[in-house]
Structures are given as structure tokens and as C-alpha cells.
Amino acid sequence: MRSRDRTREAGQTTVHVQRFAVAYEYPVYFTERLFEPANPVLAEVVTRLEADRRHRCLAFVDEGLLGVRPDLPDEVERYCRHHAGALELVAPPIPVPGGERVKSELFFVEQMQRQVFEHAIDRHSYVIAIGGGALLDAVGLVAATTHRGVRLIRVPTTVLAQDDSGVGVKNGVNLYGVKNFCGTFAPPFAVLNDLDLLTPLAERDKIAGMAEAVKVALIRDGDFFAWLERHADDLLTFRREAVAAMIRRCAELHMRQIALGGDPFETGSARPLDYGHWSAHKLETLTRHHLRHGEAVAIGIALDARYSVLANLLAAGQEERICALLEHLGFRLWHPALEARRQGGGLAVLEGLREFREHLGGELTVTLLAEIGRGLEVHEIDEARMQAAIGWLKERQATP
Ligand SMILES: NC(=O)c1ccc[n+]([C@@H]2O[C@H](COP(=O)([O-])OP(=O)(O)OC[C@H]3O[C@@H](n4cnc5c(N)ncnc54)[C@H](O)[C@@H]3O)[C@@H](O)[C@H]2O)c1
Ligand SMILES: [Zn+2]
């Protein structure tokens, strides 16, 4: 860390410029059977900084996962007993509602903060979050705010959480009907992706997370897009090698953007990884979260691809190729909420543009497509053209 003092004289005013930089580093593991005692990863991770200490840990587990893996808390406890030199589990893993419910009010956040307090988790202890993207977001906020930040180990258990949200630096919950209104930027201590935890996922959640892979391929990596096209059948049937490769590449592209994109905490007005997201966030809210994040993103991707063509940014026909891949993977690219009207008569989904801008402040910045593999930032969206893109999606789904 470097501290530098500069003093400027300006009449009676003196200014001391405080400046320092903090380097962040966290490992992202891809492993299997994480909680089998023979797997050293978790024990290694908690002792990464202080090898000789026994570390206190408190685990929160997604109830949706517990419904299909009721034995998981026992496995975690057994693991910690086996690695008792490194890990002290201060309480049995605590079940927390999964999905958007845990992000729907601060109640769950406060309840978890209390548990952190009651179990005396300090800044050298660990909170372990085991669950989908929603649970990771809520527990992330808890970890970031208790004691101004306790160490967080994320164990993502959905495709989306493994290939996108879990490897990132954001957390948050929804407030006042706005997605992620209350949250922080807080890098985790480590991320442990276990492919086996995805096995019991519902079909729709297996598919939903693939939307983020299509998204990041479209804006960053045309070869990856072509790879997704070639492996769509294997992905659809959830072939292990194909899913593992997709998750790894997608996570890698997200990590690269955060590390090298120049604005990991999004202080500017760009949201480089949020292609297709301005409408997706709005659709999630408009459907009261009947659409999963990934399902809404797939629609948002298709919509902005068509808009990109209408705006003469993307070659005609490419939007059809994009839609074909999404549909091949099992996404539906239409939802009646796209036509919902607000009181004044305008399309409710278009409010998503305003909310998208407000989230960061500054000028509106939306990523569109210049070609498959290359995103392009624009600062204006023509509403009539966007309506035409919505109309195109509707017509498309009506045509067998
Ligand atoms: N922080 C970020 O950078 C970021 C990025 C993208 C998305 N997100 C957020 O992530 C959330 C979506 O996450 P998601 O797609 O993982 O869905 P989710 O967390 O809503 O989980 C979907 C469902 O699956 C259940 N579940 C979780 N793991 C399971 C398993 N292994 N087996 C069976 N069921 C399981 C959950 O209980 C829930 O009912 C949204 O709130 C979105 O805003 C955050
Ligand atoms: Zn997303």
C-alpha cells in the first residue's frame, strides 16, 4: 500500500490528497466432491493465510439445495471433523431460503447478521455460503457488512452461480421493487465450484445459467460462441465434460473482465458484462421473478440482438443465429410481460432503461453487438426501434 501526500495552496484552502491502492486476489477452484474428506481444497483454502491456526466457520446453506441433498449438512460437519486441525464449524450449517425470496427483504440479511454476531465470527473467521446466485448475493451482503467485512467463501450450486455470479465481486438484495438496490462490491476470499453439486438441479436451472455463457461469448469471444453452437446438444443433455468446459470458459471470461477491464467496482457508467440485462432485470421484476435471471437474460439477449440489427450495427441474419442457439439450448424467447403497459400507456419494460442508467448514474450506457464476439457500447436507445424489436420477437414465437 502506498500513501502519498500532496499539498496544494489555494488561498485559505489546503487539500491533502489521500491515495492508496489495494490489490485483491482470490482463488477460484473447479473441483469435484468438495465435501468428501479426501478432498483437501476447503481445508487448504481456509489455512491459506495462517497455516497454523484453527479457523472458525459458519455455513449458510440454500434450502432449495437441501430439499434435494438433505444429507449435505452432515457431509459438511463430517468434513470439518476430519479436518479439525484447520476448521472449526461453530454451528451446524444454517438453512436459508433460496432463490429470489432471500433477496426480497432485509429480514433474512438481518437474521444472518445476528447469527454471525451470536457465533462470534470475526474478521479472521469465515462465512461459507453454499447455494445459488440469490443466496450468494444475500450472504455476500451479510459477510461484507458484519464487522465491516468478514471472509467469505462461496460455494456456488447453480450453473449461473458457477459460471457468472459466484466468481464476481458483487452482492446485494432487492429493495423497493428494484433488483440489487442494496448491496456492495466485495471480493470473496475464495470460490469453490463443485460440478457434482449441480447434479440435482432442476432442468430449468441447469439451462438458465447457460444464458450467461451465450452472453459473454457474444460480447467477448466469437470462438466460444461457435463452440457453444457445436456443443448445444451436449449442453442440453447436460453432458458432464461439455458443462464443465462451458462453466470454466464462461467464468474465466467474467474474471478477465473484472481483473483487466479497468473498472472492477463499476465506478464509470459502463456495465460491460451486462449485455441483454437492462430488459432482463425489468422482466424479472415485472414477472415477480417467475422468470429466472438466466431465462430473462436469454430474452434480453435476443431483444438486443434484433435491436442491434435494426440499428445497423450487426449484420442482418446474425440475430437469427443467436436466437437459434438460445432456442436449441431450451430457452423461450418471448414472455407476455414484454407487452405489459405502465399507467401512461408506454411499455413497462422500457422503464428498465431508466433503472439501468440510475443504477450507475451518469449517462445511459448499453452494450449492443457489432458482431458475434464483439460488444459495442451505445448511449442512446431509440424506443420506437426497441418496440419494433419486441414486435419481431412476438411474431417469431407465433410462427411455428
Ligand atoms: N452478484 C452478481 O454479480 C450476480 C450476477 C448474476 C446474477 N446474480 C443474481 O443471481 C440470482 C440468480 O441466481 P441463480 O440463477 O443461481 O438462481 P437462484 O439462486 O435463484 O436459485 C434457483 C433455485 O435453485 C435452488 N437451488 C440452488 N442450488 C441448487 C441445487 N444444486 N440443486 C437444486 N436446487 C438448487 C434455489 O433454492 C432456487 O430455488 C439473481 O438474484 C441474480 O440477480 C448476481
Ligand atoms: Zn446476469
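This structure is a prediction, so every number in the text was calculated from the model and none was measured. All ligand and atom numbering here is 1-based and tracks the order in the structure.
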Peer 1: Do we get R332 above W334's six-membered ring, with its NZ or CZ under 6.0 Å from the centre and within 45° of the axis?
Peer 2: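 No, a cation-pi geometry is absent between R332 and W334.
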Peer 1: Name the closest protein heavy atom to atom 36 (C) of ligand 1, giving the residue it belongs to and the distance to 0.1 Å.
Peer 2: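 Ranked first by proximity to atom 36 (C) of ligand 1 is D62 OD1, 3.4 Å.
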Peer 1: Any idea which of D163, D164, L160, V61 brings a heavy atom closest to atom 7 (C) of ligand 1?
Peer 2: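 Result: the heavy atom closest to atom 7 (C) of ligand 1 is in L160.
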Peer 1: Does NZ or CZ of R48 fall inside the cone over F189's six-membered ring, less than 6.0 Å from its centre and within 45° of the axis?
Peer 2: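 Judged by the rule, R48 and F189 form a cation-pi pair.
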Peer 1: Over all heavy atoms of both residues, which pair between G294 and A211 is shortest? Give the atoms and the distance, please.
Peer 2: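 Minimum heavy-atom separation between G294 and A211: O-CB, 3.2 Å.
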Peer 1: For G168, is the nearest heavy atom under 4.0 Å from an atom of ligand 1?
Peer 2: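 No.
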Peer 1: If you measure from each heavy atom of G209 to ligand 1, is any distance below 4.0 Å?
Peer 2: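 For ligand 1, residue contact (heavy atoms, under 4.0 Å) with G209 is absent.
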Peer 1: Run the numbers for me: atoms of ligand 1, each under 4.0 Å from some heavy atom of K170, listed by number.
Peer 2: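 Going through ligand 1 atom by atom, the ones under 4.0 Å from K170 are 1 (N), 3 (O).
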Peer 1: Pick one of side chain, backbone, both or neither for how T157 approaches ligand 1, counting any non-hydrogen atom pair under 4.0 Å.
Peer 2: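 Both backbone and side chain.
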Peer 1: Distance under 4.0 Å to a non-hydrogen atom of E100: what atoms of ligand 1 satisfy this?
Peer 2: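 Near E100, the atoms of ligand 1 are 40 (C), 41 (O).
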Peer 1: Would L198 count as a contact of ligand 1 if the rule is a heavy atom under 4.0 Å away?
Peer 2: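 Heavy atoms of L198 never come under 4.0 Å of ligand 1.
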Peer 1: Is R114 atom CZ crowded by more than 12 heavy atoms from other residues, nucleotides or ligands, each under 6.0 Å away?
Peer 2: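 Open: at most 12 neighbouring heavy atoms sit under 6.0 Å from CZ of R114.
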Peer 1: Only N/O/S atoms count here: what is the atom of H293 closest to the Zn ion (ligand 2) called?
Peer 2: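 The H293 atom nearest to the Zn ion (ligand 2), restricting to N, O or S, is NE2.
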Peer 1: Could you label the plane-to-plane angle of the Y79 and F35 rings as parallel, tilted or perpendicular, counting under 30° as parallel and over 60° as perpendicular?
Peer 2: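 If you compare the ring of Y79 with that of F35, the planes turn out perpendicular.
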Peer 1: Considering only heavy atoms of K179, which atoms of ligand 1 have at least one such atom less than 4.0 Å away?
Peer 2: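 Those of ligand 1 that fall under 4.0 Å from K179 are 40 (C), 41 (O), 42 (C), 43 (O).
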Peer 1: Counting heavy atoms only, which of D196, L141, T158, V167 is nearest atom 16 (O) of ligand 1?
Peer 2: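 Heavy atom nearest to atom 16 (O) of ligand 1 belongs to T158.
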Peer 1: Any nitrogen or oxygen of L197, side chain or backbone, less than 3.5 Å from one on ligand 1?
Peer 2: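 Min N/O separation from ligand 1 is below 3.5 Å for L197.
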Peer 1: Taking non-hydrogen atoms only, is K103 closer than 4.0 angstrom to ligand 1 via side chain, backbone, both or neither?
Peer 2: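 Near ligand 1, K103 shows its side chain, while the N, CA, C and O stay back.
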Peer 1: Using a 3.5 Å distance criterion without hydrogens, assess whether the side chain of R54 forms a donor-acceptor pair with backbone atoms of A84.
Peer 2: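 Indeed, once roles are kept as given, a pair shorter than 3.5 Å links the two residues.
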Peer 1: In the protein, which heavy atom is nearest to atom 23 (C) of ligand 1, and how far is it?
Peer 2: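 Of every protein heavy atom, D205 OD2, 3.8 Å lies nearest to atom 23 (C) of ligand 1.
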Peer 1: Of all the non-hydrogen atoms in the protein, which one sits nearest to atom 20 (O) of ligand 1, and at what distance?
Peer 2: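 Result for atom 20 (O) of ligand 1: G99 CA, 3.2 Å.
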Peer 1: Among P156, G166, S165, A296, which one puts a heavy atom closest to atom 6 (C) of ligand 1?
Peer 2: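 It is S165 that holds the nearest heavy atom.
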Peer 1: Taking 4.0 angstrom as the limit, do R69 and D71 come out as a salt bridge?
Peer 2: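 Salt bridge present between R69 and D71.
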Peer 1: Salt bridge or not for D221 and R249, using N-O below 4.0 Å?
Peer 2: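 Yes.
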Peer 1: Ring-plane angle category for H281 and H277, please: parallel below 30°, perpendicular beyond 60°, tilted otherwise.
Peer 2: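 Taking H277 first and then H281, their aromatic rings stand perpendicular (interplane angle over 60°).
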Peer 1: Under a 4.0 Å threshold between the charged nitrogen and the carboxylate oxygen, would E351 count as salt-bridged to K282?
Peer 2: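 Looking at E351 together with K282, the answer is yes, because their closest N to O distance falls below 4.0 Å.
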Peer 1: What angle, in degrees and rounded to 10°, do you get at the Zn ion (ligand 2) when you join it to OE2 of E212 and to NE2 of H277?
Peer 2: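 Once rounded, the angle between the two atoms at the Zn ion (ligand 2) is 120°.
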Peer 1: To which protein heavy atom is atom 19 (O) of ligand 1 closest, and what is the distance rounded to 0.1 Å?
Peer 2: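 Nearest neighbour among protein heavy atoms for atom 19 (O) of ligand 1, to 0.1 Å: A134 N, 2.9 Å.
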Peer 1: Does D194 come within less than 4.0 Å of R33, counting only side-chain N to carboxylate O?
Peer 2: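 Salt bridge flag = no for R33 with D194.
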Peer 1: Report, in ascending order of atom number, the atoms of ligand 1 lying under 4.0 Å from any heavy atom of D137.
Peer 2: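 Answer, ordered by atom number: 1 (N), 2 (C), 8 (N), 9 (C), 44 (C).
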Peer 1: What is the nearest protein non-hydrogen atom to atom 29 (C) of ligand 1, stated with its residue, atom name and distance?
Peer 2: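 Among all protein heavy atoms, the one nearest atom 29 (C) of ligand 1 is L201 CD2, 3.6 Å.
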Peer 1: Give the contacting part of V159 toward ligand 1: side chain, backbone, both or neither, where contact means a heavy-atom distance below 4.0 Å.
Peer 2: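 Under 4.0 Å from ligand 1, V159 contributes no heavy atoms.
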Peer 1: Can you check which of G133, A202, G67 brings a heavy atom nearest to atom 13 (O) of ligand 1?
Peer 2: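 That would be G133.
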Peer 1: List ligand 1 atoms under 4.0 Å from P200, heavy atoms only on the residue side.
Peer 2: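 Reading through ligand 1 atom by atom, the close ones are 32 (N), 33 (C).
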Peer 1: Might you work through the ring pair (Phe, Tyr, Trp, His ring centres under 6.0 Å) test for Y24 and F265, ending with a clear yes or no?
Peer 2: CA-CA 12 Å; Y24 288 98; F265 295 161; 5.7 Å; yes
Peer 1: Checking K215 against Y275: charged group under 6.0 Å from the ring centre and within 45 degrees of the axis?
Peer 2: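 No, K215 does not sit over the ring of Y275.
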Peer 1: Taking the basic N atoms (NZ, or NE/NH1/NH2) and the acidic carboxylate oxygens, is any pair closer than 4.0 Å for D137 and K170?
Peer 2: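 Salt bridge absent between D137 and K170.
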Peer 1: Would you say the side-chain atoms of H379 pair up with the backbone N or O of L364, donor to acceptor, closer than 3.5 Å?
Peer 2: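 Checking the backbone N and O of L364 against the side chain of H379, a donor-acceptor pair under 3.5 Å is found.
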Peer 1: Considering only heavy atoms of G98, which atoms of ligand 1 have at least one such atom less than 4.0 Å away?
Peer 2: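 This gives 37 (O) as the contact atoms.
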Peer 1: Considering non-hydrogen atoms of the protein only, which is the closest contact for atom 33 (C) of ligand 1, and what is the distance?
Peer 2: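 Nearest neighbour among protein heavy atoms for atom 33 (C) of ligand 1, to 0.1 Å: V68 CG2, 3.5 Å.
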